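Here's the structure we're looking at; comments come further down.
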Amino acid sequence: MNYWLFKTEPGEFSIDDLRDVTKPEPWDGIRNYQARNILRDQVKLDDQVLIYHSSCKNIGVAGTAKVVKEAYPDPAQFDPENHYFDPKSDPDNPRWVCVDVVFESKFGNIVPLKVIKDTPKLADMTLVKRGRLSVQPVTKSEFQLIKKMSKAV
DNA sequence: GCCAACGTTGGC
DNA sequence: GCCAACGTTGGC
């Protein structure tokens, strides 16, 4: 069992949106090679995911999700109407992948980035050491501590 | 392959 | 809106 942190801008797609969908949600639009490699090679069925809200008023970890489908070609890359369309991606050799997730929990309280930064046990998180990466690994103890800090409902 | 210019992410 | 810290592009 592995643990991950996925970023999303709640203005685009939030933990509430994830909670309200009735089908597995494709985590699409990942257009960074390092994040792509993690999705493609390491994210496995039943892995646990922290859902992180970025670029918003209330920045921090907002809930959890679970992986229900491993990497497959991101359909958005072939759709010219889609914001994430990539004309350079070859359908015979897709450049980008996504995974499917389902809602697991919404935190009673968001665990703010500021609090994470101020927590010594979380100082090694990629989130703290290197901001910009939309899919990143989290250790089991980090995952469990953040969940505990949230008083998850 | 180098590197300057440009683009993006994302906190503040 | 600013800007630091990346990542990408493209000329040479």
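Protein chains get the first letters and strands the later ones, always in sequence-line order, with residue 1 at the start of each. It should be emphasised that the depicted structure is a prediction, and the values quoted were computed from it without experimental measurement.
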With sequence neighbours excluded, residues passing salt bridge (Lys or Arg N to Asp or Glu O under 4.0 Å) with A:Asp86:
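Here the qualifying residues are A:Arg95.
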Residues two or more places apart in sequence or in another chain: which of them pass salt bridge (Lys or Arg N to Asp or Glu O under 4.0 Å) with A:Arg31?
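For A:Arg31, the residues satisfying salt bridge (Lys or Arg N to Asp or Glu O under 4.0 Å) (neighbours in sequence not counted) are A:Asp74.
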Is a side-chain donor-acceptor pair under 3.5 Å present for A:Gln136 with A:Gln34?
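Short answer, no.
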Listed in order of residue number, which residues of residues 79-98 of chain A have a non-hydrogen atom at under 4.0 Å from DNA chain C?
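Here the set is A:Lys88.
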Can you pull out the residues from residues 118-133 of chain A that lie within a 4.0 Å heavy-atom distance of DNA chain C?
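Output list: A:Arg130, A:Arg132.
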So where does chain A start and stop touching DNA chain B, 5' to 3', when the test is distance under 4.0 Å to a non-hydrogen atom?
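That gives a stretch of B:dT8 to B:dC12.
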Could you tell me which residues satisfy ring-ring contact (aromatic ring centres under 6.0 Å, His included) with [X], sequence neighbours excluded, listed by chain and number?
X	value
A:Phe78	none
A:Tyr33	A:Trp96
A:Phe103	none

Show me the side-chain donor-acceptor pairs of residues 112-127 of chain A shorter than 3.5 Å, one per line, residues at least two apart or across chains.
from: A:Lys114; atom 1: NZ; to: A:Asp118; atom 2: OD2; distance (Å): 3.1
from: A:Thr119; atom 1: OG1; to: A:Val115; atom 2: O; distance (Å): 2.7

Give me the ring orientation class for A:Trp27 and A:Phe13: parallel if the planes are under 30° apart, tilted from 30 to 60°, perpendicular past 60°.
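Plane angle over 60°, so perpendicular.
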In a check of side chain to side chain contact (heavy atoms under 4.5 Å, CB included) between A:Val135 and each of A:Asn32, A:Leu5, A:Ile38, which one passes?
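Result: among A:Asn32, A:Leu5, A:Ile38, A:Ile38 is the only option passing the side chain to side chain contact (heavy atoms under 4.5 Å, CB included) with A:Val135.
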Give every residue pair that meets the salt bridge (Lys or Arg N to Asp or Glu O under 4.0 Å) criterion with at least one member in residues 17-30 of chain A, sequence neighbours excluded.
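Matches after skipping sequence neighbours: A:Asp16-A:Arg19.
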Of all the heavy-atom pairs spanning A:Thr64 and A:Ile15, show the shortest one and how long it is.
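Heavy atoms of A:Thr64 and A:Ile15 come nearest at N-CD1, 4.2 Å.
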Contacts to DNA chain B from residues 29-42 of chain A, heavy-atom cutoff under 4.0 Å, which residues?
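Heavy-atom contacts with DNA chain B come from no residue of residues 29-42 of chain A; none.
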Under 4.5 Å side-chain linkage, directly or through intermediates, the cluster mates of A:Val102:
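Its cluster mates, by chain and number, are A:Val68.
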